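Just so it is clear, the structure is predicted and the values come from calculations on it, not from any experiment. Note that the numbering runs from 1 along the sequence shown for the chain.
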Amino acid sequence: MMVSAYVSPASASHVQMSAPPARTEARDPKVLAISRAQEVNAVQFGRALADNPDLVHRWEELTALPAKDFMDIYPRLQLREFAPGWVIIGQKPGGVEGGCIVRRIWIRADENFELGSGAHAAVADLHAKGQLGNFQRLTVEESLKILRSGDRSNPEFQRIYNLIQIHDEFQKSFMVKMLFGEDDVQNGRYYCPNARNPIHRQWVARNWAELRRASVEEHLALRVGRALAPDLVPEVRLGKIDDGAASRFFHMTQIGGSGTAGQVSFKTADKINRPIDAQNFNKEAFMQVYAITVGLLNDWDANADPNVGIMEVDGRAWMPFLFDMGHASPMEMTMDPQTLIPICRTNGLEASSFWQRVLRIVAFFLSYFRFEAGRFFTNPNFMTVGDRADALRNLIARQDDIWCAIEVLEGQFIGDEDAQRMVRGMRDTLMGRIAYVSRVLEEHDALMLESDAGTD
């Protein structure tokens with residue numbers, strides 16, 4: 001998928017900064033809950049849009065169109081509602097899991113600054129960042145109360161209203177993932193709507209517990225990645241499908257380029273045909289992505305070129321933008337201390353040295369088990385083994401950011417002991433991964449010393 005659009009910037013000059021310093025703590029948006037019927041509708045309508053040749057080519061424009069322009073045209077397109085305040089604008093491209101692309105729209109709840117509305121979310125975010133001008137001295141609830149009763153013709157209030165209407169809350173589009181169609185839930189099994197054939201459909205099917213765990217782990221992976229590199233990892237939100245005793249989660253992942261001021265281009269790495277060098281691409285950004293996907297998460301799919309988005313903003317160097325971390329496997333210890341690249345993926349066999357040796361041999365002949373490092377991470381003219389070592393050292397130095405992100409996420413699941421237990425388990429796994437990467441770096445440094453001694 002490729003996006004190219006101009007998004008109007010939110011002008012900071014509209015805000016009167018007050019005495020309190022800016023606050024930067026993360027804000028968790030309200031969990032978006034939908035019914036099973038809304039889920040089925042989203043899968044059906046997403047497919048209908050994909051089958052409409054007149055609309056499929058407008059996805060790119062709709063994804064990053066400025067909010068006011070989008071509000072002017074979406075009624076004419078007869079787009080269907082996903083949830084109150086959200087509209088479906090396209091189908092999730094690629095992958096076996098069903099889904100769609102959604103976007104927040106301005107509705108009556110926003111006019112009244114109701115809890116859970118987009119306007120309320122924007123006010124909360126502006127307050128957290130210290131950008132609410134005179135309202136900054138108040139709590140979010142006090143600000144909302146005044147805004148509801150404010151005179152909208154008053155210039156002081158009008159500045160705030162304009163700032164909220166052009167807030168990122170209404171500029172971003174999200175890819176919704178882990179949705180299932182009408183015939184995809186049978187006898188406690190969840191069958192991916194986009195499976196290639198009946199055998200593949202059986203192979204990728206999961207039960208409720210497996211699906212729930214996968215959703216929590218992917219959400220955590222994206223949240224941790226965003227804590228380490230907020231400009232390179234998309235915002236991710238958690239949704240919930242109310243389906244009686246089988247209620248479950250789904251993901252909403254920000255689409256690259258949406259919500260970004262300026263001229264934005266976005267495409268996947270496999271569609272890039274320019275030379276891979278530091279003049280064309282932001283090397284530091286790719287080093288960060290390597291540290292997150294290869295070093296920390298050992299994600300054998302996020303690094304593959306079709307799953308790495310490449311984004312250019314206002315003509316600056318092309319940067320990576322991650323949008324798929326659904327195969328994080330940090331418990332699998334397979335990194336080669338000489339190259340600092342995993343040799344193969346072990347499909348959940350953890351640290352069994354015997355099976356790792358077997359699979360490394362198999363990987364030599366079959367590409368299925370080969371680790372997808374991506375051509376950016378292994379290109380010696382772009383990222384050397386020394387660069388990879390520096391990226392891993394930086395990762396280890398930023399452990400506190402990882403543990404803080406996990407602590408915040410654990411708080412999001414208050415009341416859900418099972419989800420909290422999974423988050424704590426993933427935290428322990430990442431602690432083990434950090435310790436493993438530290439040992440590999442020690443081995444790598446020793447090998448480099450031996451190599452240097454041999455050349456003297």
Side-chain angles (χ1 to χ4, degrees), residues 206 210-229 232-234 236 251 253 287-304 307-308 320 322-337 339-353 355-356 359-360 363 369-374 377 388-389 391-410 413 419-444:
R206 288 170 286 189
E210 291 169 334
L211 185 64
R212 180 177 169 84
R213 182 173 186 83
S215 61
V216 171
E217 289 184 348
E218 182 172 356
H219 187 70
L220 183 146
L222 283 161
R223 289 285 290 268
V224 167
R226 186 165 173 81
L228 293 170
L232 310 178
V233 180
V236 60
H251 286 298
T253 306
M287 289 172 61
Q288 283 185 290
V289 166
Y290 158 81
I292 293 170
T293 60
V294 177
L296 181 65
L297 298 174
N298 194 42
D299 193 317
W300 48 265
D301 197 39
N303 321 289
N307 284 338
V308 176
L322 295 169
F323 54 83
D324 185 353
M325 293 193 198
H327 296 89
S329 52
M331 72 292 293
E332 300 177 8
M333 314 300 187
T334 65
M335 185 172 284
D336 187 329
T339 64
L340 299 180
I341 290 291
I343 297 174
C344 66
R345 52 190 174 94
T346 58
N347 282 25
L349 294 175
E350 300 188 2
S352 167
S353 59
W355 281 111
Q356 287 192 23
L359 290 176
R360 288 184 186 192
F369 289 103
R370 199 166 297 148
F371 193 93
E372 293 284 354
F377 300 153
R388 294 196 288 272
L392 293 180
R393 292 189 185 97
N394 182 63
L395 171 70
I396 294 170
R398 295 190 59 192
Q399 290 182 62
D400 287 348
D401 292 330
I402 299 172
W403 315 137
C404 181
I406 293 177
E407 183 179 353
V408 171
L409 181 58
E410 190 176 352
F413 288 114
Q420 286 189 320
R421 184 165 53 252
M422 285 188 279
V423 171
R424 288 192 291 268
M426 194 69 173
R427 177 195 60 201
D428 294 342
T429 297
L430 291 180
M431 285 182 173
R433 180 69 182 180
I434 288 287
Y436 171 75
V437 170
S438 298
R439 292 195 299 271
V440 168
L441 273 175
E442 291 176 359
E443 292 182 47
H444 172 78

Give a yes or no answer on whether the side chain of [X] reaches the backbone of [Y] with a donor-acceptor pair at less than 3.5 Å.
X: Arg388; Y: Thr339; answer: yes
X: Tyr436; Y: Met335; answer: yes
X: Arg398; Y: Leu228; answer: yes
X: Gln420; Y: Glu410; answer: yes
X: His251; Y: Ser215; answer: yes
X: Arg206; Y: Leu211; answer: no

Measuring from atom [atom1] of [X] to atom [atom2] of [Y], what distance do you get when rounded to the nearest 0.5 angstrom?
X: Arg439; Y: Glu442; atom1: CZ; atom2: CD; result: 8.5 Å
X: Leu392; Y: Met287; atom1: CG; atom2: CE; result: 9.0 Å
X: Leu409; Y: Met426; atom1: CG; atom2: CE; result: 10.5 Å
X: His219; Y: Thr253; atom1: NE2; atom2: OG1; result: 9.5 Å

Is there a side-chain contact between [X] and [Y] (heavy atoms, below 4.5 Å)?
X: Pro342; Y: Asn298; answer: yes
X: Leu395; Y: Ile434; answer: yes
X: Ile341; Y: Asp336; answer: no

Is there a side chain to side chain contact (heavy atoms under 4.5 Å, CB included) between Val294 and Leu340? Walk through the geometry before answering.
CA-CA 9 Å; Val294 177; Leu340 299 180; over 6 Å; no
Could you give me the CA-CA distance, side-chain angles and deciding distance for Leu430 and Ile406, then say whether side chain to side chain contact (heavy atoms under 4.5 Å, CB included) is met?
CA-CA 10 Å; Leu430 291 180; Ile406 293 177; 3.9 Å; yes
At their closest point, which heavy atom of [X] faces which heavy atom of [Y], and how far apart are they?
X: Ser438; Y: Ile396; value: OG-CD1, 3.3 Å
X: Leu232; Y: Pro320; value: CD2-O, 3.5 Å
X: Gln288; Y: Ala229; value: NE2-CB, 4.0 Å
X: Arg223; Y: Ala405; value: O-CB, 4.3 Å
X: Leu297; Y: Ala221; value: CD1-CB, 3.9 Å
X: Ala391; Y: Ala291; value: O-CB, 3.6 Å

Lys/Arg-Asp/Glu bridge criterion (N-O < 4.0 Å) met for Glu217, Arg213:
yes
Carefully, step by step, assess Glu407 and Arg427 under the rule side chain to side chain contact (heavy atoms under 4.5 Å, CB included).
CA-CA 9 Å; Glu407 183 179 353; Arg427 177 195 60 201; over 6 Å; no
Determine, stepwise, if the pair Met431 / Trp403 fulfils side chain to side chain contact (heavy atoms under 4.5 Å, CB included).
CA-CA 9 Å; Met431 285 182 173; Trp403 315 137; 3.5 Å; yes
